[in-house]
Amino acid sequence: MSAFHGRAIDAIRRIPRGTVATYGQIAGLAGSPRAAIIIGEILRRQTQSADLPWQRVINKEGRISIVNMQFPAALQAELLRSEGVDVREVNGAYHVDLTRFLWNGS
DNA sequence: AAGGTGACTAACA
DNA sequence: ATGTTAGCCACCT
């Protein structure tokens, strides 16, 4: 695990219940604002070893962009709703209003 | 060892 | 509005 990787995990664990963060936001907190895509790479395999609020990470558009069969978007939406995040569904796509639920980073 | 590929995104054409 | 490009860096050939 690299330093960036470790810092990214820490940042994700810091996301408060009931809020969401973007890949870019986490990358920034981990020290590399332009490495957003790496956050997805990390989650793509870190998901199973729980103790990580992976469901709170979505893309800049406020959409769930997960592509993992083990952990489908429907599950992510379900988990977010269970902690109070309003997830809207529009034919298979899930949206979150970032103006209301985006974590302020502290 | 070297190159391709992304759960991304900002900048450009 | 829509499409491409360039950074980023962990992983997998």
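All values below were derived from every heavy atom in this structure, side-chain atoms included, with hydrogens, water molecules and symmetry-related copies excluded.
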Roughly how many Å is it from [atom1] in [X] to [atom2] in [N], rounded to a whole number?
{"X": "A:F4", "N": "C:dG7", "atom1": "CZ", "atom2": "P", "result": "17 Å"}
{"X": "A:R34", "N": "C:dT5", "atom1": "CZ", "atom2": "C1'", "result": "11 Å"}
{"X": "A:L43", "N": "B:dA7", "atom1": "CG", "atom2": "P", "result": "12 Å"}
{"X": "A:R44", "N": "C:dC11", "atom1": "CZ", "atom2": "C1'", "result": "8 Å"}
{"X": "A:I42", "N": "C:dC8", "atom1": "CD1", "atom2": "C1'", "result": "12 Å"}
{"X": "A:Q25", "N": "B:dA7", "atom1": "CD", "atom2": "C1'", "result": "16 Å"}
{"X": "A:Y23", "N": "C:dC9", "atom1": "OH", "atom2": "P", "result": "18 Å"}
{"X": "A:L80", "N": "B:dA7", "atom1": "CG", "atom2": "P", "result": "19 Å"}

Report task. Go through C:dC9, B:dA7, C:dA10 for me and flag the one nearest to the A:S32 side chain. Result ->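 Of all the options, the side chain of A:S32 is nearest to C:dC9.
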Can you check whether [X] reaches [Y] side chain to side chain, under 4.5 Å on heavy atoms?
{"X": "A:L29", "Y": "A:R7", "answer": "no"}
{"X": "A:I66", "Y": "A:P72", "answer": "no"}
{"X": "A:T19", "Y": "A:N104", "answer": "no"}
{"X": "A:I39", "Y": "A:F4", "answer": "yes"}

Suppose you measure atom [atom1] in [N] against the same atom in [M]; what distance do you get, rounded to whole Å?
{"N": "C:dT5", "M": "B:dG4", "atom1": "P", "answer": "15 Å"}
{"N": "B:dA7", "M": "C:dT2", "atom1": "P", "answer": "22 Å"}
{"N": "B:dT5", "M": "C:dT4", "atom1": "P", "answer": "16 Å"}

Requested in this report: Specify the residues of residues 55-66 of chain A, ordered by number, for which at least one heavy atom lies under 4.0 angstrom from an atom of DNA chain B.
Outcome: A:N59, A:K60, A:S65, A:I66
Requested in this report: Start with the C-alpha gap between A:F71 and A:Q55, add the side-chain angles, then the distance that decides, and say whether side chain to side chain contact (heavy atoms under 4.5 Å, CB included) holds.
Outcome: CA-CA 9 Å; A:F71 300 82; A:Q55 74 276 20; over 6 Å; no
Looking at [N], I'd like to know if its phosphate oxygens (OP1 or OP2) sit under 4.0 Å from a side-chain N or O belonging to [X].
{"X": "A:R45", "N": "C:dC12", "result": "yes"}
{"X": "A:S2", "N": "C:dA10", "result": "yes"}
{"X": "A:T22", "N": "B:dC8", "result": "no"}

Query - Pairing pattern in dot-bracket form [Watson-Crick, G-U; both distances under 3.5 Å; | = partner strand] for DNA chain B - result: .|||||.||||||
Report task. Mind running salt bridge (charged side-chain N to carboxylate O under 4.0 Å, His left out) on A:E41 and A:R44 for me, showing each step along the way? Result -> CA-CA 5 Å; A:E41 170 69 25; A:R44 182 183 158 200; 3.4 Å; yes
Query - First encountered from the 5' end of DNA chain B, between A:P33 and A:E41 - result: A:E41
Query raised in the report: Can you list the steps and then say if A:R17 with A:R56 is a side chain to side chain contact (heavy atoms under 4.5 Å, CB included)?
Result: CA-CA 8 Å; A:R17 210 186 130 77; A:R56 315 219 257 247; 3.6 Å; yes
Query raised in the report: Are A:L75 and A:I15 grouped together when hydrophobic residues (ILVMFWY) are joined by side-chain heavy atoms under 4.5 angstrom apart?
Result: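 Both belong to a single hydrophobic cluster.
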Requested in this report: Begin from the C-alpha positions of A:I58 and A:R63 and carry the test side chain to side chain contact (heavy atoms under 4.5 Å, CB included) through to its verdict.
Outcome: CA-CA 6 Å; A:I58 62 180; A:R63 292 182 296 95; over 6 Å; no
Can you give each donor-acceptor pair under 3.5 Å made by side-chain atoms of residues 88-98 of chain A, sequence neighbours left out, with the distance rounded to 0.1 Å?
| unit_1 | atom_1 | unit_2 | atom_2 | d |
| --- | --- | --- | --- | --- |
| A:D97 | OD1 | A:T99 | N | 2.9 |
| A:D97 | OD1 | A:T99 | OG1 | 2.6 |
| A:D97 | OD2 | A:T99 | OG1 | 3.3 |

